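Each ligand, and each atom within it, is numbered from 1 in the order the structure gives. Just the heavy atoms: all of them, side chains too, but no hydrogens, waters or symmetry mates, feed the values below. The structure displayed is predicted, hence computed values, not measured ones.
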Amino acid sequence: MLQPGEYIKDIFQMPVGTSVTARGWVKTKRDSKGISFIQLNDGSVFTDLQVVIDADVVPEETMQLVTTGSCISVEGDLVESPAKGQAVELKGKSVEVHGSADPATYPLQKKGASMEFLREIAHLRPRSNTFGAVFRLRHAASYAIHKFFQERGFIWVHTPVITASDAEGAGAMFGVTTLDLMNLPRTEDRGIDWTKDFFGKQAYLTVSGQLEGETFAEALSNIYTFGPTFRAENSNTPRHLAEFWMVEPEMAFCDLDDDRHLAEDFLKYIIAYVVDTRMDDLEFFNNRIDNTVLETLEHVANSDFEHITYTETIEILEKANRGWEFPVKWGVDLQSEHERYITEEVFKKPVVVTDYPKEIKAFYMRMNDDGKTVRAMDVLLPRIGEIIGGSQREERHDVLVEKIESMGLPLEAYWWYLELRKYGSVPHAGFGLGLERMIMYLTGMKNIRDVIPFPRTPGNAEF
Ligand code: ATP
Ligand code: MN
């Protein structure tokens with residue numbers, strides 16, 4: 001096991017003359033005038049360690065096994081590197097080959113393989129430059145998320161993955177069952193007898209931890225959840241996954257303005273953290289994937305987010321009269337084309353849209369005094385559109401009961417959620433950030449399938 005101080009990122013910090021052992025996977029090997037040049041990487045840093053081995057130092061049989069994809073340890077001394085971009089390189093004295101990789105079949109031979117092809121070899125793509133960088137950034141952003149909340153006294157709560165409340169209506173749900181699908185137990189009217197199922201009722205994979213999160217906010221004040229979330233939406237888009245990671249803070253003593261400002265501070269904090277700690281990877285994305293990455297991150301970090309209401313947004317869109325694919329009038333949900341127009345062309349910075357029509361938002365959002373809109377917010381970013389959805393929650397028992405009934409939802413199913421409004425209710429609010437949307441934003445990667453280790457999408461659950 002690599003110990004702190006033994007990673008390639010640590011080796012880069014050591015002075016010329018240090019004796020070290022470097023371990024990792026060979027990116028490339030090139031032989032020139034009796035010298036072998038090996039690019040070695042252990043995933044700890046973007047830059048490969050250059051290893052130089054003179055002929056006759058290491059037996060020829062060993063060197064033949066050192067090919068792209070093989071796993072090796074090299075022992076030697078750090079010397080000054082003539083190559084640019086690195087101060088030191090390793091002059092190898094001995095090589096141990098842990099696992100060879102047959103050049104005739106190793107799939108990750110060439111640079112410039114397409115993203116589609118790399119998805120088919122998701123078990124090997126973390127070894128590529130791009131995916132090493134993506135997953136280091138994903139790690140750094142996740143760490144920043146925990147750090148942000150914990151510095152503010154939030155408690156991390158683990159809400160369940162399996163749930164029996166078809167609660168949120170946030171999206172289509174995956175069922176969870178142990179019933180024999182070839183031989184389903186039937187009720188008298190030929191329905192399925194779910195009382196015979198594992199949980200004694202129908203169960204699903206969660207679409208959001210929010211409702212459970214609210215129970216904890218009304219006990220521990222400020223909480224957040226951070227874990228996998230599932231949506232069986234059959235939408236094959238570059239922005240949707242069937243399994244994705246969501247961060248959901250929930251705050252007692254909080255209204256929509258506080259919520260909105262927290263979301264803004266939160267996004268800026270994540271950006272600042274990755275800029276501080278992972279500039280090497282960000283520069284790669286800026287040079288090779290999208291040359292606006294650094295500029296837009298800096299821009300977001302330094303702009304005050306714009307705030308407008310849904311009603312104002314509709315007025316702007318109607319006036320723009322762009323020949324929208326999805327026509328706009330008060331009451332329709334905003335589509336990606338509208339969101340991007342507002343944030344990219346009108347304000348040219350992040351925009352928080354609040355106070356949506358009650359009909360297009362979830363039942364739990366707090367009713368405004370106009371009786372038509374609810375205290376919802378969406379945070380829109382240039383390039384991405386919606387990255388955060390949130391709201392102030394309805395804390396009034398009678399208003400909530402009326403809302404659930406008017407939406408034709410089963411009151412019994414929400415008994416515990418309603419009890420929170422009966423016992424010690426308080427204004428509270430929260431939001432959900434899709435981690436993968438954030439990683440797309442940070443990296444400029446165009447497809448959400450390329451910012452999660454093993455993407456689950458319609459028709460695809462390999463690996
Ligand atoms: P969209 O309109 O983009 O489908 P949504 O309105 O369904 O999003 P919410 O239910 O508000 O989204 O979820 C909160 C956040 O979770 C979103 O802002 C987004 O960042 C993320 N998200 C939602 N659905 C998905 C998905 N299928 N794959 C990845 N991230 C998602
Ligand atoms: Mn959705």
- [ ] For the residue pair Q210 and E214, confirm or rule out a side-chain donor-acceptor distance under 3.5 Å.
- [x] yes

Open item on the list: Can a donor-acceptor pair be found, under 3.5 Å and without considering hydrogens, that links the side chain of R340 to the backbone of L380?
Closed with: no

Task: Per-residue contact class, R231 against ligand 1 - non-hydrogen pairs under 4.0 Å - done: side chain

Task: Interfacing atoms of ligand 1 (cut-off 4.0 Å, heavy-atom, R239) - done: 3 (O), 28 (N), 29 (C)

Task: Atoms in ligand 1 with a heavy atom of G434 nearer than 4.0 Å - done: 15 (C), 16 (O), 20 (O), 21 (C)

Open item on the list: Which option wins on minimum heavy-atom distance to atom 19 (C) of ligand 1: M438, E339, M246, R437?
Closed with: R437

Task: Proximal candidate to atom 30 (N) of ligand 1 [heavy atom criterion; set F244, Y441, F230] - done: F244

- [ ] Tell me, please, whether F363 has K403 positioned over its six-membered ring: NZ or CZ under 6.0 Å from the ring centre and within 45 degrees of its axis?
- [x] no

TODO: Could you please spell out the steps behind the salt bridge (charged side-chain N to carboxylate O under 4.0 Å, His left out) verdict for E436 and R138?
DONE: CA-CA 8 Å; E436 289 74 17; R138 186 180 164 110; 2.9 Å; yes

Task: For I448, atoms of ligand 1 separated by under 4.0 Å from a heavy atom - done: 29 (C)

- [ ] Examine the side chains of T187 and D193 and answer whether a donor and an acceptor come within less than 3.5 Å of each other.
- [x] no

Open item on the list: Regarding N368 and T373, do their side chains bring together a donor and an acceptor under 3.5 Å, going by distance alone?
Closed with: yes

- [ ] May I ask you to list the atoms of ligand 1 that are less than 4.0 angstrom from any heavy atom of E233?
- [x] 24 (N), 26 (C), 27 (N)

Open item on the list: Between H299 and T296, is there a side-chain donor-acceptor contact under 3.5 Å, judged purely by atom types and distance?
Closed with: no

- [ ] State whether a side-chain donor-acceptor pair under 3.5 Å links S425 with R396.
- [x] no

Task: Ligand-residue contact atoms, ligand 1 with G432, heavy atoms, under 4.0 Å - done: 14 (C), 15 (C)

- [ ] Output the list of atoms in ligand 1 that are nearer than 4.0 Å to some heavy atom of E386, sorted by atom number.
- [x] 2 (O), 5 (P), 6 (O), 8 (O), 11 (O), 12 (O), 17 (C), 18 (O)

Task: Sub-4.0 Å atoms of ligand 1 with respect to non-hydrogen atoms of I388 - done: 18 (O)

TODO: Could you establish whether T229 and ligand 1 come within less than 4.0 Å of each other, counting only heavy atoms on the residue side?
DONE: no

Task: Pair Q150, Y224: side-chain N/O donor-acceptor within cut-off below 3.5 Å - done: yes

TODO: Indicate yes or no: does an N/O atom of L433 lie under 3.5 Å from an N/O atom of ligand 1?
DONE: no

TODO: Examine the proximity of ligand 1 to V207 and report which part, side chain or backbone, both or neither, has a heavy atom under 4.0 Å away.
DONE: neither

- [ ] Please identify which atoms of ligand 1 are closer than 4.0 Å to at least one heavy atom of G389.
- [x] 11 (O), 18 (O)

